[in-house]
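Bear in mind that the values here come from a model prediction, so they are computed numbers and not experimental data.
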Amino acid sequence: MINMDSSKNVSLGNIALVSTLFAGVLYLCTWSSASRSSPLLFSSTRRSSNHWPSHSQSEMKTLKFPIDELELALEKASTPNKTVIIAVVNRAYVEQSIRAETTMLDLFLESLWLGEDTRPLLDHLLLVAVDQVAYERCLFKRLNCYKLETEGLGHFGGEKIFMSQDFLKMMWRRTLLLLDVLKHGYNFIFTDTDVMWLRNPFSRLGIYNESVDLQISTDWFNGDPRSEKNAINTGFYYIRSNNKTISLFDAWYGRKDNSTGKKEQDVLFDLMTEGMFEQLGLQARFLDTVFFSGFCTDSKDIKAVITVHANCCRSINAKVKDLTAVLRDWKKFKATRAKAAAARSNITVPFSWTGHFGCWDSWKTKV
């Protein structure tokens with residue numbers, strides 16, 4: 001026989017238990033809400049807790065958050081001393097034309113594959129795309145990519161013929177980007193993609209040496225690495241980020257609208273010959289074409305050459321043709337050297353570069 005009083009007591013007990021649980025949940029929710037809305041309450045509770053490490057506040061203060069997309073891209077590609085290799089590409093440099101066997105970008109990447117101690121440098125290459133096609137191709141290649149906004153400056157996708165209006169606009173937009181990189185505190189090697197990297201240039205440039213602010217390639221080297229009479233070429237240079245170089249780039253870009261008919265390289269040369277480097281106390285070194293060569297002046301020493309630039313050339317197709325020959329010459333040299341080493345032979349095989357016929361003819365051809 002069921003005891004009614006006992007059943008009644010059980011029911012009342014269950015109700016009391018449920019009420020107690022509900023009150024507890026309500027209290028927790030109220031406390032949580034109050035702690036979020038009251039910094040003082042949260043701070044007091046946190047200080048009294050033994051579960052928080054005593055150094056947690058100082059650690060949180062030192063957390064570094066990238067400011068913008070450029071900072072993110074630079075940070076990802078940077079070496080430990082904040083140096084980045086930067087190249088700028090558009091659609092014409094990443095898509096293969098009907099007449100070409102490959103693209104300028106693919107030749108550039110191939111040189112890094114074939115070069116001596118150059119493959120690790122790919123991790124520090126930041127490819128800047130000035131149009132969507134170039135950006136998508138960069139992502140497809142799984143490189144470090146950054147999309148440069150060029151709204152209001154025209155369409156930068158097609159080939160920009162040397163000294164055309166679009167060519168000049170693109171060069172000045174590039175200068176502004178590089179000024180921004182310096183202001184972010186990053187040193188960089190700027191390289192055109194028509195520069196073949198046959199050897200790692202870092203040791204020759206001495207990127208950990210802070211005594212030189214700017215090291216820049218030349219079309220024709222006069223024998224003096226300190227002479228400001230050298231014919232500079234902005235297709236390859238290394239620059240450190242400091243107040244002097246930022247001021248130089250500010251002055252350089254500031255002349256954009258007062259330099260009709262001049263490319264940005266000419267304007268930098270003007271600043272140099274006017275004494276800007278000396279005024280800023282900027283230390284510059286001009287690179288010997290034996291090591292940093294080009295089609296204007298071939299390196300005379302295949303055992304020393306570091307880069308080969310398709311300068312003194314007018315069209316992309318001509319550059320692709322002649323740079324393909326450069327890489328073919330390089331592969332022949334490496335094969336011959338390997339064969340001699342295997343035979344333990346000291347015989348030196350004569351070497352000469354293939355003629356840059358495509359580029360020589362580009363000046364005669366209407367484009």
*asked:* Using a 6.0 Å cut-off, check whether atom NZ of Lys334 has over 12 heavy atoms from anything other than its own residue.
replied: yes
*Do any N or O atoms from the side chain of Gln215 and from the backbone of Leu205 form a donor-acceptor pair under 3.5 angstrom?*
yes
_Heavy-atom side-chain proximity of Leu179 to Ile246 below 4.5 angstrom_ = yes
*asked:* Please find the pair of heavy atoms, one from Ala73 and one from Leu126, that lie closest to each other, and give the distance.
replied: CB-CD1, 3.9 Å
_For Gly185 against Lys82, the heavy-atom pair lying closest together_ = O-CE, 3.6 Å
*asked:* For Glu101, is the CD atom crowded, meaning more than 12 foreign heavy atoms sit under 6.0 Å from it?
replied: no
_Heavy-atom pair of closest approach, residues Asp322 and Gly355_ = OD1-O, 4.4 Å
*Out of curiosity, Leu109 CG to Thr193 OG1, how far, rounded to the nearest 0.5 Å?*
9.0 Å
_Carboxylate-amine/guanidinium contact Arg240 Asp213, below 4.0 Å_ = no
*Taking atom CD of Gln279 as the centre, report whether more than 12 heavy atoms of other residues, nucleotides or ligands fall under 6.0 Å from it.*
yes
*Thr297 to Asp219 - nearest heavy-atom pair and separation*: OG1-O, 2.7 Å
*How about Gln283 and Lys244: does a side-chain donor come under 3.5 Å of a side-chain acceptor?*
no
*Compare the SG-SG distance of Cys359 and Cys313 against 2.5 Å and report whether it is shorter.*
yes
*Check the surroundings of atom CD in Gln96: do more than 12 heavy atoms from other residues, nucleotides or ligands lie under 6.0 Å from it?*
yes
*Spell out, as yes or no, whether a donor-acceptor pair under 3.5 Å connects the side chain of Gln265 to the backbone of Ile232.*
yes
*Should Arg199 and Phe291 count as side-chain neighbours, where that means a heavy-atom distance under 4.5 Å?*
no
_Using only atom types and a distance under 3.5 Å, with no angle test, would you say the side chain of Thr218 pairs donor to acceptor with the backbone of Leu287?_
yes
*Without swapping roles, check the side chain of Thr118 against the backbone of Gly115 for a donor-acceptor pair under 3.5 Å.*
yes
*Using the side-chain contact (heavy atoms from CB on, under 4.5 Å) rule, take Ile316 and Tyr93 through it: C-alpha gap first, then chi angles, then the decisive distance, then the call.*
CA-CA 8 Å; Ile316 291 179; Tyr93 278 69; 3.5 Å; yes
*Would you tell me whether Asp250 and Ser247 have side-chain atoms, one donor and one acceptor, within less than 3.5 Å of each other?*
no
*asked:* Can you tell me if Glu116 has over 12 outside heavy atoms packed within less than 6.0 Å of its CD?
replied: yes
*Least distance between heavy atoms, Phe249 atom then Tyr237 atom*: CZ-OH, 3.6 Å
_Within-4.5 Å side-chain heavy-atom neighbours: Phe221 and Pro225_ = yes
*Beyond-backbone contact of Leu327 with Leu198, side-chain heavy atoms, under 4.5 angstrom*: yes
_I need the Ser352 OG to Asp329 CG distance, nearest 0.5 Å._
7.5 Å
*Would you tell me whether Asn144 and His124 have side-chain atoms, one donor and one acceptor, within less than 3.5 Å of each other?*
no
*Would you please classify the geometry between the Trp197 ring and the Phe108 ring as parallel, tilted or perpendicular, with 30° and 60° separating the classes?*
perpendicular
_Applying salt bridge (Lys or Arg N to Asp or Glu O under 4.0 Å) to Asp180 and Lys183, what does each step give before you reach the verdict?_
CA-CA 5 Å; Asp180 202 7; Lys183 288 182 175 179; over 6 Å; no
*asked:* Test of understanding: clusters of I, L, V, M, F, W, Y form through side-chain heavy atoms closer than 4.5 Å, transitively. Do Trp330 and Phe357 belong to the same one?
replied: no
*Atom CG of Asn311 and atom OG1 of Thr234: how far apart are they, to the nearest 0.5 Å?*
10.5 Å
*Hey, does Leu121 have a side-chain heavy atom less than 4.5 Å from the side chain of Asn200?*
yes
*Does Arg255 CZ have over 12 foreign heavy atoms under 6.0 Å away?*
yes
*Going through the checks in order, is the side-chain contact (heavy atoms from CB on, under 4.5 Å) test met by Phe140 and Tyr135?*
CA-CA 9 Å; Phe140 179 74; Tyr135 182 63; over 6 Å; no
*Do you know which two heavy atoms are closest between Asn230 and Asp224, and how far apart they sit?*
ND2-O, 2.9 Å
*Dump the intermediate steps for salt bridge (Lys or Arg N to Asp or Glu O under 4.0 Å) on Lys141 and Asp106, then the final yes or no.*
CA-CA 10 Å; Lys141 297 282 187 183; Asp106 286 334; 2.7 Å; yes
*Under the 3.5 angstrom rule, does the side chain of Ser227 hit a backbone N or O of Gly223 as a donor-acceptor pair?*
no
_For the CG atom on Asn243, are there more than 12 heavy atoms of other groups (residues, nucleotides or ligands in this structure) within a distance under 6.0 Å?_
no
*For Arg142, does the CZ atom sit with more than 12 other heavy atoms under 6.0 Å from it, leaving out its own atoms?*
no
*Nearest 0.5 Å please: distance from the CG atom of Asn233 over to the OG atom of Ser217.*
4.5 Å
*Side-chain contact, heavy-atom cut-off 4.5 Å: Leu182 with Leu178?*
no
*Does the ring center of Phe188 lie less than 6.0 Å from the ring center of Tyr238?*
no
_Met104 side chain reached by Leu323 side chain, heavy atoms, under 4.5 Å_ = yes
*Is it possible for you to say whether Val88 and Leu139 belong to one hydrophobic cluster, with membership spreading through side-chain heavy-atom contacts below 4.5 Å?*
no
*Looking only at side chains, do Asp301 and Ser299 share a donor and an acceptor under 3.5 Å apart?*
no
*Under 3.5 Å, is there a donor-acceptor pair between the side chain of Asp192 and the main chain of Val195?*
no
*Looking only at atom types and distance, does a side-chain atom of Thr83 sit under 3.5 Å from a main-chain N or O of Thr79, one as donor and one as acceptor?*
no
*How about Glu264 and Tyr253: does a side-chain donor come under 3.5 Å of a side-chain acceptor?*
no
*Just by modelled atom types, is the Val326 backbone N or O under 3.5 Å from a matching donor or acceptor in the Trp353 side chain?*
no
*Lys/Arg-Asp/Glu bridge criterion (N-O < 4.0 Å) met for Asp270, Lys262*: yes
_ILVMFWY cluster, Leu148 and Leu176 together (side-chain gap under 4.5 Å)_ = yes
*Can you hop from Phe236 to Trp220 via hydrophobic side chains spaced under 4.5 Å?*
no
*Any Lys/Arg nitrogen of Lys263 or Asp266 sitting under 4.0 Å from an Asp/Glu carboxylate oxygen of the other?*
yes
*Using only heavy-atom distances, determine whether the side chains of Asn187 and Ser241 contain a donor-acceptor pair under 3.5 Å.*
no
*asked:* Within this structure, what is the OG1-NZ distance for the pair Thr289 and Lys300, rounded to the nearest 0.5 Å?
replied: 6.5 Å
*Look at the aromatic rings of Phe295 and His356 and report parallel, tilted or perpendicular, splitting at 30° and 60°.*
parallel
*Can you tell me how far OG of Ser203 sits from CG of Asn209, rounded to the nearest 0.5 angstrom?*
12.5 Å
*Are any of the side-chain heavy atoms of Phe277 and Leu214 separated by less than 4.5 Å?*
yes
*Any donor-acceptor pair under 3.5 Å linking the side chain of Arg337 with the backbone of Lys303?*
no
*Answer yes if Val212 and Phe286 sit in the same cluster of Ile, Leu, Val, Met, Phe, Trp and Tyr residues linked by side chain heavy atoms under 4.5 Å apart, and no otherwise.*
no
